[in-house]
Structures are given as C-alpha cells and as structure tokens.
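Structure, as structure tokens:
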Amino acid sequence: MAALIQPDELAMSADELLQAQVELYHHCFAFVKSLALKAATDLGIPDAIHRRGGAATLSDDLAAETGIHPTKLSSLRRLMRVLTTSSIFSIVDDAGGAVYKLTRVSRLLVGAGGRAHLSPAVGAFVSPFPVAALFSMHEWFTDERAAAMSLFEVAHGRTLWEVTAAGRGDQIFNTAMAADSRFTMESLLREECGGAVFGAVRGSLVDVGGGHGATASAIARAFPHVKCTVLDLPHVVAEAPVDDTLTFVAGDMFDHIPPADAVLLKWILHEWNHEDCVKILRRCKEAIPTQDEGGKVIIIETIIGSPGSQGIVSTENEVLLDGFMMCMDGIEREDQEWSKIFFEAGFTDYKITTTTGFRSIIELYP
C-alpha cells in the first residue's frame with residue numbers, strides 16, 4: 001500500500017513568506033520601542049514639548065530644552081520617528097518644518113504643575129535589571145538549579161528584594177510605585193465604581209504593603225471620614241514622608257495586619273505565589289470585622305481575560321505584564337485562579353468591579 005502523502009505544513013507562497021518575515025522581525029525589534037520611550041523620558045522630551053506650549057520643533061525647541069549634543073540632532077530625529085510611528089508623540093508639518101506634539105500617552109509623562117505622572121514607572125519597568133533577567137529564560141526553564149530560583153536571581157545572583165533593599169534600586173522602585181499609586185487612585189476615585197467602593201468603607205482602612213502612603217493618602221483626601229493606616233516593612237516605613245492624614249506601622253503582612261474595617265492590597269498579591277497569597281489573605285481576614293459588620297478586603301489587581309479588556313493593546317498588556325512578573329516569580333491571574341485563592345483563604349463571597357484601566361477592583365467578604 002502506498003504511503004499517504006503528507007502536505008507540507010510549512011509551505012507558504014512567496015508573498016506569505018515575506019510578510020511572515022516582516023512580522024517576525026517586528027517582534028524581534030519591539031524592544032527598541034520600549035528603550036526609545038525610556039530615552040525620551042530620561043531626556044525630558046514630554047516636559048520640553050509641554051513647556052513650549054504643546055508643540056515643539058526639533059532643532060530650535062527639543063534640542064535646546066533637553067541639552068542634546070549638536071552632533072546628535074539627526075539621531076534625535078530618528079528617535080522621534082520611532083516614537084511618532086508608535087503614537088507616543090504626534091508630528092505635523094508646517095511652514096517651519098516638523099512640529100512634535102503630545103498624545104494621550106505622552107501626556108502621562110508630563111510632571112509639570114505637580115500633577116500625577118508616570119515617568120518614574122517607565123524608569124522602573126524599562127531598566128537593565130528586569131531586562132537582563134528575561135535573558136535567562138532558557139536556563140530558568142531547563143536547568144534544575146536555576147528552576148528553583150526566580151529569573152531575577154538566576155541573572156543577578158540575588159532576589160529583586162535583596163537588590164532593591166541594598167542600593168538605589170529601592171528608591172527607584174518606591175518612586176515608581178508611588179507614581180503609579182497616585183495616578184491610579186486619582187483616576188479610580190474619579191470613576192463612579194472606585195468612589196463607591198472606597199466611600200463605603202465605614203471608619204478605618206489599612207493599606208498593606210502601601211510603601212510611602214501614596215494610595216492611602218489619596219483615599220484619605222477623598223474620604224476624610226476614613227482613618228488610613230499604612231503597613232510596610234520597617235526599612236520602608238522609616239523613609240516614609242510625614243503625613244498628618246496617615247498612620248504608618250512597621251511590620252510583616254505574613255505575621256500580623258492591624259485591625260480595620262477594610263484592608264487594601266494594591267498590586268501586592270501578583271508578586272506572590274498561590275500559597276503565599278492564601279497566607280496573606282488569611283491574615284487580612286483576621287484583621288477585619290464580619291461581613292454583617294461591614295468588613296471587607298479590597299484588592300486592586302489585573303485579571304487576565306477580564307471583560308474590561310478592550311482590544312489587542314489591552315489584551316497584550318495583560319499577558320506582557322504577566323511575562324514581566326516572571327522576573328520575580330510573580331504572576332498575573334485569571335478569574336478562576338483568583339477564585340481558588342479567595343476560597344482557600346476562607347472567604348465566602350467576592351465581587352469584581354471592572355475599571356476603565358487594566359486593573360480591576362475585587363472586594364472580598366468574610
């Protein structure tokens with residue numbers, strides 16, 4: 001009997017082959033967009049455009065405002081071409097030449113006037129430490145010794161927390177998280193859903209892992225009836241700024257969480273594995289009153305595949321963030337993964353509120 005002829009699954013037309021090559025190389029060069037964004041942030045280009053009234057030329061405005069060396073003017077043009085093609089900035093032509101303007105993305109990087117901005121977050125996310133860690137994926141997936149460590153530890157010989165606690169990385173991380181908290185909470189509290197969740201807190205709230213209090217401070221300003229406490233490790237609390245609206249408590253969330261009507265965990269649980277999340281939430285449950293007495297835990301986290309995901313950018317953001325979290329053995333979770341953690345920790349009910357952004361608000365009830 002003649003052998004069956006198997007079709008060549010790899011066969012493509014010439015057009016398909018060349019288009020596939022374009023797509024492959026596009027993925028390979030995607031990192032250039034991230035690094036170009038960091039360069040623009042470090043150079044202060046968004047602020048420079050803002051100072052020029054929202055429209056800036058290359059040689060007369062951007063070069064002068066950012067201190068670009070005269071020999072790098074053509075390279076600055078190439079950098080801006082990457083960033084305008086990526087819609088981080090926009091470009092229009094007038095009689096005097098190309099003029100660069102802010103888009104809704106680059107507006108988030110302008111720090112003028114004391115407004116909440118996200119430039120520090122760019123510096124923390126696009127930095128040599130996590131990028132170098134991701135280069136160790138092959139070893140991490142295949143080597144028995146490496147498999148027992150985090151990606152970050154494989155690449156750097158120490159955990160992320162050991163590195164940040166030992167040097168300037170701690171300041172960079174805390175500044176980035178504070179910027180994210182200020183921006184996120186100002187936006188969430190303007191949304192009806194966010195205001196309803198935090199406005200319903202009866203009297204006291206403890207922000208677990210709250211750093212220098214940016215999140216708790218925003219809540220205290222919006223709802224003066226809520227007495228806010230921030231719990232974090234001693235070395236973090238020791239450097240917290242003075243804030244008359246907040247109480248800082250040094251401690252470990254695995255050991256004890258101060259009693260409160262509500263416990264808040266913003267972007268904390270995604271840093272921990274399943275078992276540790278269960279331990280943390282059990283401590284949270286011990287800290288709050290019963291549901292009849294108004295007790296609840298409020299979690300702000302990403303839910304992969306959330307109904308709030310809107311389009312390919314939102315979906316990719318969720319899974320790329322999950323890939324980034326592999327650096328520190330963190331994880332972004334789907335709804336069913338969160339549900340399993342909640343019930344193992346002893347909670348009987350929870351409610352998910354989808355926000356406009358990439359994170360959801362989860363309320364847990366004992």
Side-chain angles (χ1 to χ4, degrees), residues 27-28 30-31 34 121 123-174 176-177 180 208-211 231-236 250-257 265-285 299-305 316-346 359 362:
H27 292 306
C28 290
F31 74 95
S34 300
F125 297 151
V126 188
S127 75
F129 281 121
V131 171
L134 292 173
F135 275 101
S136 298
M137 277 191 181
H138 178 267
E139 182 182 358
W140 186 60
F141 276 118
T142 59
D143 183 81
E144 184 174 355
R145 176 180 169 275
M149 299 184 286
S150 68
L151 261 174
F152 194 97
E153 194 173 3
V154 174
H156 302 293
R158 293 185 291 175
T159 67
L160 170 65
W161 312 117
E162 289 170 340
V163 169
T164 54
R168 184 169 174 264
D170 192 30
Q171 180 184 351
I172 294 172
F173 178 80
N174 286 333
M177 292 302 97
D180 178 83
V208 176
L231 172 72
D232 215 313
L233 295 172
H235 75 275
V236 177
D252 188 330
M253 62 187 172
F254 286 98
D255 296 331
H256 175 72
I257 294 174
L265 296 156
K266 176 195 168 287
W267 238 14
I268 298 296
L269 296 180
H270 73 157
E271 298 171 359
W272 301 94
N273 62 34
H274 181 100
E275 292 74 18
D276 286 334
C277 285
V278 171
K279 293 176 185 176
I280 294 167
L281 288 176
R282 284 175 178 166
R283 289 287 178 262
C284 293
K285 188 170 182 291
I299 299 170
I300 300 176
E301 287 283 2
T302 296
I303 300 177
I304 292 183
E316 279 197 349
N317 186 64
E318 293 172 359
V319 298
L320 291 174
L321 175 59
D322 184 41
F324 179 86
M325 291 304 296
M326 285 197 294
C327 292
M328 61 193 80
D329 270 357
I331 179 174
E332 305 299 331
R333 297 175 169 91
E334 299 175 357
D335 188 358
Q336 64 269 23
E337 294 174 295
W338 283 117
S339 178
K340 188 175 181 182
I341 290 171
F342 301 156
F343 291 126
E344 282 188 28
R359 283 170 286 201
I362 309 169

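Everything quoted here is computed from the prediction, not taken from an experiment. For the numbers below, each heavy atom of this structure counts, side chains included, while hydrogens, waters and symmetry mates do not.
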With rounding to the nearest 0.5 angstrom, report the [atom1] to [atom2] distance, [X] to [Y].
| X | Y | atom1 | atom2 | value |
| --- | --- | --- | --- | --- |
| Met325 | Ile331 | CE | CD1 | 9.5 Å |
| Ile280 | Ile268 | CD1 | CD1 | 8.0 Å |
| Leu231 | Asp255 | CG | CG | 10.0 Å |
| Arg333 | Lys340 | CZ | NZ | 11.5 Å |
| Asn317 | Glu332 | CG | CD | 9.5 Å |
| Ile257 | Arg282 | CD1 | CZ | 13.5 Å |

Side-chain donor/acceptor of [X] to backbone N/O of [Y], under 3.5 Å:
| X | Y | answer |
| --- | --- | --- |
| Thr142 | His138 | yes |
| Glu318 | Thr302 | no |
| Ser136 | Glu139 | no |
| His270 | Glu301 | no |
| Glu337 | Glu334 | yes |

Kindly give the heavy-atom pair with the smallest separation between [X] and [Y], and that separation in Å.
| X | Y | answer |
| --- | --- | --- |
| Leu321 | Trp267 | CD2-CZ2, 4.0 Å |
| Leu269 | Cys277 | O-SG, 3.3 Å |
| Pro130 | Cys327 | O-SG, 3.6 Å |
| Asp252 | Leu233 | CA-CD2, 4.5 Å |
| Ala176 | Ala124 | CB-CB, 3.4 Å |

Step through the shown structure and confirm whether more than 12 heavy atoms of other residues, nucleotides or ligands are within 6.0 Å of CZ on Phe343.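 For Phe343, atom CZ is crowded (more than 12 foreign heavy atoms under 6.0 Å).
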Just say parallel, tilted or perpendicular for the rings of Trp338 and Phe342, cut-offs at 30° and 60°.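 Plane angle under 30°, so parallel.
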Do [X] and [Y] have side-chain heavy atoms sitting under 4.5 Å apart?
| X | Y | answer |
| --- | --- | --- |
| Leu265 | Cys284 | yes |
| Val131 | Phe31 | no |
| Ile303 | Ile362 | yes |

Which pairs, with at least one residue in residues 271-281 and sequence neighbours excluded, count as a side-chain hydrogen bond (donor to acceptor under 3.5 Å, both in side chains)?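 Passing the test, one end in residues 271-281: His274-Glu344.
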Asp329: which residues meet the side-chain contact (heavy atoms from CB on, under 4.5 Å) condition with it, sequence neighbours left out?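 Scan of Asp329 (side-chain contact (heavy atoms from CB on, under 4.5 Å), adjacent residues dropped) gives Trp140, Ser150.
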Apply side chain to side chain contact (heavy atoms under 4.5 Å, CB included) to the pair Glu162 and His156, showing each step before the final yes or no. CA-CA 10 Å; Glu162 289 170 340; His156 302 293; over 6 Å; no
Step by step, would you call Ile299 with Leu281 a side chain to side chain contact (heavy atoms under 4.5 Å, CB included)? CA-CA 10 Å; Ile299 299 170; Leu281 288 176; 4.2 Å; yes
My understanding is that only residues two or more places apart in sequence, or in another chain, count here; which of them pass ring-ring contact (aromatic ring centres under 6.0 Å, His included) with Phe324?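 Listed in chain order: Phe125.
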